[in-house]
There are 2 protein chains.
Amino acid sequence: MKRLLTKILSRYLGDEKPMKIPEKSCKKYRKSGLTREQAATIREKIQLALEEDHLYRNNALGLDDLADHIQHNRYKVSQVINTYFSKNFYSFLNEYRIQEAKILLEKDPELSVKVIMYEVGFNSKNSFYSSFKKVTGLSPNDYRNIVGYEYDVQMA
Amino acid sequence: MKRLLTKILSRYLGDEKPMKIPEKSCKKYRKSGLTREQAATIREKIQLALEEDHLYRNNALGLDDLADHIQHNRYKVSQVINTYFSKNFYSFLNEYRIQEAKILLEKDPELSVKVIMYEVGFNSKNSFYSSFKKVTGLSPNDYRNIVGYEYDVQMA
DNA sequence: AAAGGTAGGGCGGTGAGAGGCCTTACTTCT
DNA sequence: AGAAGTAAGGCCTCTCACCGCCCTACCTTT
């Protein structure tokens with residue numbers, strides 16, 4: 001348990017997700033024929049596709065599939081993700097997966113890590129672990145334990 | 001008419017379409033994860049899509065649509081066209097269009113060039129003319145006249 | 001005036017390279 | 001022993017910058 005606490009101190013503090021909005025992305029838009037309005041539309045559709053339709057649960061989802069789903073050109077979809085969210089496609093996609101994984105880890109302690117991994121759209125342990133660590137700074141089980149611990153603290 | 005004859009002499013002679021098969025394309029295949037068997041499969045599907053389904057008549061056809069139609073990754077489809085047929089997507093596509101245009105020009109002298117152009121999948125004069133010239137060496141009307149002329153000669 | 005033909009701008013395709021995913025195999029922890 | 005986590009390597013997808021084609025609009029020819 002001490003080990004976990006040191007992990008909290010070293011990595012989990014101040015982890016409130018910067019979620020930085022790009023400020024000088026307008027210049028980039030000029031490079032291709034993508035208007036700001038169109039970019040905003042595409043952005044919303046992308047978010048709907050993931051948040052409402054949970055496309056990320058499809059473990060074979062690719063950029064083409066997403067572009068298909070929202071009926072927009074793949075180049076533009078890629079560009080919007082890159083410039084607006086400052087991420088590449090997979091990083092963007094996986095954050096949704098990890099987000100759901102975190103919820104499942106907290107909500108249902110009986111679910112194995114493996115089951116959760118498949119549930120949220122990953123196919124392999126390794127991908128899941130590395131993505132999870134990249135986002136949260138912790139491995140899935142550590143995260144589960146720490147969230148449980150913090151929950152206890154708040155109760156006390 | 002003299003002008004047409006000089007055009008025949010200068011550009012139309014020996015126009016029997018080389019149709020060169022690529023010989024050293026194996027090297028390129030190694031670069032990506034595309035096996036020769038897969039490439040052959042994709043190649044056949046591409047040809048079926050165009051020759052049987054006449055996809056080229058769709059005036060908005062893009063690489064993505066073709067890839068969708070035959071259910072293969074767009075990069076692989078592109079690679080097969082590039083390496084196997086030694087052409088880029090549009091050149092490849094347009095040869096099918098021009099091929100049908102030539103037939104229509106010969107078969108039905110009443111059809112206007114514009115109608116034929118739309119019929120075979122082009123949207124603009126310019127694209128049609130330049131593509132047609134690239135393939136046949138002549139403009140559509142010249143081609144029609146020359147073919148008619150040669151036909152008359154053969155009759156005589 | 002209508003058909004044939006020619007020049008710029010934007011979208012789409014291309015190719016090389018980076019980075020992520022997946023597989024296999026190994027180590028650690030319970 | 002089984003589940004969790006890590007590491008290395010191959011394959012595949014995405015990305016970025018560039019190039020080429022298609023389209024709009026304007027001349028030229030008949």
Side-chain angles (χ1 to χ4, degrees), chain A residues 3-4 28-35 38 59-67 72-83 86-94 97 105 111-117 121-134 138-145, chain B residues 3 28-35 38 59-67 72-83 87-94 97 112-117 121-134 138-145:
Chain A
R3 237 184 68 256
L4 289 175
K28 277 202 169 182
Y29 289 141
R30 217 173 294 153
K31 277 203 298 189
S32 79
L34 185 64
T35 67
Q38 202 180 12
N59 61 22
L61 189 76
L63 179 61
D64 286 320
D65 302 310
L66 176 58
H72 277 282
N73 177 299
R74 69 192 305 283
Y75 298 104
K76 291 179 181 172
V77 173
S78 175
Q79 193 185 352
V80 168
I81 294 175
N82 297 156
T83 62
S86 306
K87 296 181 185 70
N88 63 31
F89 173 73
Y90 280 116
S91 299
F92 181 72
L93 174 61
N94 283 342
R97 289 172 170 165
L105 283 167
L111 282 175
S112 78
V113 172
K114 197 184 287 184
V115 168
I116 291 175
M117 161 185 122
F122 284 97
N123 275 326
S124 80
K125 269 195 308 176
N126 197 344
S127 301
F128 180 50
Y129 286 124
S130 56
S131 290
F132 195 91
K133 201 156 199 174
K134 187 175 164 188
L138 297 168
S139 66
N141 255 335
D142 285 351
Y143 179 84
R144 175 177 264 166
N145 292 331
Chain B
R3 237 185 69 255
K28 279 201 170 184
Y29 288 143
R30 217 175 293 154
K31 278 202 297 189
S32 80
L34 184 64
T35 66
Q38 203 180 10
N59 61 20
L61 190 75
L63 179 59
D64 286 319
D65 302 310
L66 176 58
H72 278 281
N73 177 300
R74 69 192 303 281
Y75 298 102
K76 290 180 182 173
V77 173
S78 174
Q79 191 184 355
V80 168
I81 293 173
N82 298 156
T83 61
K87 295 180 184 71
N88 65 29
F89 173 72
Y90 281 116
S91 298
F92 180 72
L93 173 61
N94 285 342
R97 290 173 169 164
S112 78
V113 172
K114 198 184 286 186
V115 168
I116 290 175
M117 164 185 118
F122 284 97
N123 275 327
S124 78
K125 272 192 308 177
N126 193 352
S127 301
F128 182 49
Y129 286 125
S130 56
S131 290
F132 197 91
K133 199 158 199 172
K134 189 174 163 189
L138 296 169
S139 68
N141 255 335
D142 286 351
Y143 179 84
R144 179 177 260 167
N145 292 331

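Chain identifiers are assigned alphabetically (A, B, ...) following the order of the sequence lines, protein sequences preceding nucleic acid strands; residue numbering begins at 1 within each chain.
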Participant: Who pairs with B:Phe92 by ring pair (Phe, Tyr, Trp, His ring centres under 6.0 Å), at least two apart in sequence or on another chain?
Facilitator: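 Scan of B:Phe92 (ring pair (Phe, Tyr, Trp, His ring centres under 6.0 Å), adjacent residues dropped) gives B:Phe85, B:Tyr96.
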
Participant: Report, as a single string ordered 5' to 3', how protein heavy atoms within less than 4.0 Å touch nucleotides 22-28 of chain C: B base, S sugar-phosphate only, - not at all.
Facilitator: BB-----

Participant: Counting only side-chain heavy atoms from C-beta out, which of D:dT13, D:dG5, C:dT14 sits nearest to B:Lys76?
Facilitator: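 Nucleotide nearest to B:Lys76's side chain: D:dT13.
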
Participant: Under 4.0 Å between any heavy atoms, over every strand shown, what does A:Ser78 touch: base, sugar-phosphate, or nothing? Just pick one.
Facilitator: sugar-phosphate

Participant: Quick one: side chain to side chain contact (heavy atoms under 4.5 Å, CB included) partners of B:Asn126, sequence neighbours excluded?
Facilitator: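 Side chain to side chain contact (heavy atoms under 4.5 Å, CB included) list for B:Asn126, sorted by chain: B:Ser124, B:Ser130.
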
Participant: Please round to 10 degrees the angle between the axis of the first five pairs and the axis of the last five pairs in the helix from C:dA1-D:dT30 to C:dT30-D:dA1.
Facilitator: 30°

Participant: Rounding to a whole Å, what distance do you find between B:Tyr129:OH and D:dT28:C1'?
Facilitator: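 Atom-to-atom, B:Tyr129 to D:dT28, this comes out as 13 Å.
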
Participant: Is any side-chain N or O of A:Arg74 closer than 4.0 Å to OP1 or OP2 of D:dC14?
Facilitator: yes

Participant: Hey, what do you get for CD1 (A:Ile116) to CZ (A:Arg144), rounding to the nearest 0.5 Å?
Facilitator: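 These two atoms lie 4.5 Å from each other.
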
Participant: Taking ring pair (Phe, Tyr, Trp, His ring centres under 6.0 Å) as the definition, give me every residue that meets it alongside A:Phe132, ordered by chain and number, with sequence neighbours left out.
Facilitator: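 Applying ring pair (Phe, Tyr, Trp, His ring centres under 6.0 Å) to A:Phe132 gives A:Phe128, A:Tyr143.
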
Participant: What pairs with B:Lys134 under side-chain hydrogen bond (donor to acceptor under 3.5 Å, both in side chains), at least two apart in sequence or on another chain?
Facilitator: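 If we apply the side-chain hydrogen bond (donor to acceptor under 3.5 Å, both in side chains) test to B:Lys134, skipping adjacent residues, the hits are B:Ser91.
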
Participant: Reading DNA chain D from 5' onward, which residue's closest nucleotide shows up sooner: B:Lys134 or A:Asp64?
Facilitator: A:Asp64

Participant: Side chain to side chain contact (heavy atoms under 4.5 Å, CB included) with B:Asn123: which residues, sequence neighbours excluded?
Facilitator: B:Asn59

Participant: For B:Asp64, enumerate each residue passing the side-chain hydrogen bond (donor to acceptor under 3.5 Å, both in side chains) test, keeping only those at least two apart in sequence or located in another chain.
Facilitator: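 Here the qualifying residues are B:Arg74.
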
Participant: Which part of the nucleic acid, if any, lies within contact of B:Tyr90, taking any heavy atom under 4.0 Å across all strands shown: a base, the sugar-phosphate backbone alone, or nothing?
Facilitator: sugar-phosphate

Participant: For A:Lys114, enumerate each residue passing the side chain to side chain contact (heavy atoms under 4.5 Å, CB included) test, keeping only those at least two apart in sequence or located in another chain.
Facilitator: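 Only A:Ser112, A:Tyr118 meet the side chain to side chain contact (heavy atoms under 4.5 Å, CB included) criterion with A:Lys114.
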
Participant: Nearest whole Å is fine: how far is C:dA16 P from B:Tyr75 OH?
Facilitator: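 About 14 Å, once rounded to whole Å.
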
Participant: Closest nucleotide of DNA chain D for B:Asn73 versus for B:Asn88: which of these residues is on the 5' side?
Facilitator: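 Upstream on the strand: B:Asn73.
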
